Number of protein chains: 2
Amino acid sequence: MEFKEAKNKFVQTWGALGSQWGINKTMAQIHALLMISNEAVSMEDIMEELQISRGNASMNLRALMDWGIVYKEFKAGERKEFFTAEKDLDELAAKISRERSKREIKPALKILKEVSTIEASDSAEEKHFVDQTTKLYDFVLKADNMLDKMTEFNENWLGKLVIKMMK
Amino acid sequence: MEFKEAKNKFVQTWGALGSQWGINKTMAQIHALLMISNEAVSMEDIMEELQISRGNASMNLRALMDWGIVYKEFKAGERKEFFTAEKDLDELAAKISRERSKREIKPALKILKEVSTIEASDSAEEKHFVDQTTKLYDFVLKADNMLDKMTEFNENWLGKLVIKMMK
DNA sequence: ACAAACTTTCAATTATTTTTGAAAGTTTAA
DNA sequence: TTAAACTTTCAAAAATAATTGAAAGTTTGT
């Protein structure tokens with residue numbers, strides 16, 4: 001396989017993976033492209049490489065920056081903007097999990113709490129509802145906290161050192 | 001909040017959460033409905049509760065069974081089929097992570113391996129590509145294995161006991 | 001073998017999401 | 001202040017995904 005083919009394959013694969021996890025395909029593709037670029041890329045070049053419109057590129061770059069995993073860069077003497085992706089994978093994972101937690105898990109937890117604390121009548125049906133949603137609340141909370149702990153640990157300097165020594 | 005309202009809110013929330021994670025809304029809603037039902041539910045009832053067509057119900061129930069998180073049940077004297085959801089949350093998480101690994105992560109890993117092992121020329125661009133995709137391969141592999149270990153541990157009988165004692 | 005009671009399939013329709021492109025907005029340099 | 005070089009916005013169009021419903025398929029009892 002030659003470089004161009006491999007690059008294309010990677011961008012396509014990353015895009016498909018994104019869709020399956022609820023991330024718009026183009027957004028994932030732009031991210032893929034930036035991840036494997038050794039230097040900052042202009043919007044022009046992104047449009048060209050992925051064959052997408054200016055509007056599409058602009059909106060998805062904005063979304064990636066909102067996620068905190070793509071940065072704007074300015075080059076001396078150039079008027080246009082360039083973009084780079086977060087390339088440290090531990091940092092990338094930490095940012096993604098923090099955002100998904102904030103945007104999706106936390107609001108879901110709030111609702112779970114609400115519905116699990118209704119005053120159940122003594123029907124088996126309502127009892128089971130309260131029991132199951134309470135368990136779900138506890139479970140999701142535990143999982144969310146665990147992710148937090150894991151990313152925290154990975155970002156911790158001493159942790160990184162220890163991990164390196166264990167490799 | 002009364003039971004009916006809470007139930008509805010839960011089903012809606014679970015459905016929305018599903019969409020955000022790449023799972024069809026109806027599929028997630030059916031799953032939600034079954035999770036909080038203390039007894040097996042017929043297709044008829046699912047259609048009625050969620051206001052969906054027979055075809056839709058049938059297809060999504062099939063998908064849920066393919067994921068291994070919903071089961072068919074037969075009731076003596078009844079010709080029609082009833083459905084129940086896996087209610088043990090550790091088991092549920094294990095099944096979901098196993099399926100996503102099998103369907104999405106493993107194929108992606110295969111491609112990552114392919115593209116990261118091309119013979120790079122000595123251009124900085126190609127070197128960076130190989131370097132970054134190799135790191136990504138290692139990272140995804142590590143994360144995938146970690147999930148495996150976690151679910152394995154949770155399913156392990158001794159592990160469960162220890163966890164219970166730690167609570 | 002027949003028919004009643006179900007479930008599954010899939011082409012057509014509908015709903016949702018994504019993308020486009022041109023107008024409006026912004027920044028910089030002269 | 002003007003205009004060139006950019007970026008953003010958003011209504012409309014296109015693409016994609018989900019849903020319907022009726023016909024075909026299956027199972028069970030008589």
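In what follows, chains carry the letters A, B, and so on, assigned in the order in which the sequence lines appear, proteins first and then strands, with residues in each chain numbered from 1. As the structure is a computational prediction, the values presented were derived from the model and not from experiment.
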Kindly point out which of [options] is positioned nearest to the side chain of [X]?
X	options	value
B/S53	D/dT27, C/dT28, D/dG21	D/dG21
B/S58	C/dT8, D/dT7, D/dT20	C/dT8
A/K72	D/dT19, D/dT8, D/dA5	D/dT8

Could B/K142 and B/D138 be called an ion pair, given the rule that one side-chain N must be under 4.0 Å from one carboxylate O?
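Judged by the 4.0 Å cut-off on N to carboxylate O distance, B/K142 and B/D138 do not form a salt bridge.
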Salt-bridge contact A/K80-A/E44 (side-chain N to carboxylate O under 4.0 Å):
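A/E44 and A/K80: not salt-bridged.
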May I ask you to test the A/Q132-B/L89 pair for a side-chain heavy-atom distance under 4.5 Å?
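Yes, close enough: below the 4.5 Å cut-off.
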Heavy-atom side-chain proximity of B/L34 to B/L61 below 4.5 angstrom
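Sidechains of B/L61 and B/L34: in contact.
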Which sits closer to the 5' end of DNA chain D, B/I52 or A/R62, going by the nucleotide each is nearest to?
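Comparing both residues, the 5'-ward one is A/R62.
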Would you say a side-chain N or O of [X] is under 4.0 Å from OP1 or OP2 of [N]?
X	N	answer
B/R54	C/dT7	yes
A/N24	C/dT19	yes
A/T26	C/dT19	yes

Starting at atom [atom1] of [X], determine the distance to atom [atom2] of [N], rounded to an integer number of angstrom.
X	N	atom1	atom2	answer
A/L61	D/dT8	CG	C1'	12 Å
B/M59	C/dA12	CE	C1'	13 Å
A/K75	D/dA5	NZ	C1'	17 Å
B/E78	C/dC6	CD	P	8 Å
A/N56	D/dA12	CG	P	19 Å
A/N60	C/dG21	CG	C1'	16 Å
A/M27	C/dT19	CE	C1'	16 Å
B/M47	D/dA22	CE	C1'	13 Å

Test applied, side-chain hydrogen bond (donor to acceptor under 3.5 Å, both in side chains); reference residue, A/D131; option that passes from A/H128, A/K127, A/K135
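Of the listed options, the one satisfying the test is A/K135.
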Decide yes or no, distance alone: a donor-acceptor N/O pair under 3.5 angstrom between the base of C/dA4 and the side-chain of B/R79.
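Answer is yes: a donor-acceptor pair is held.
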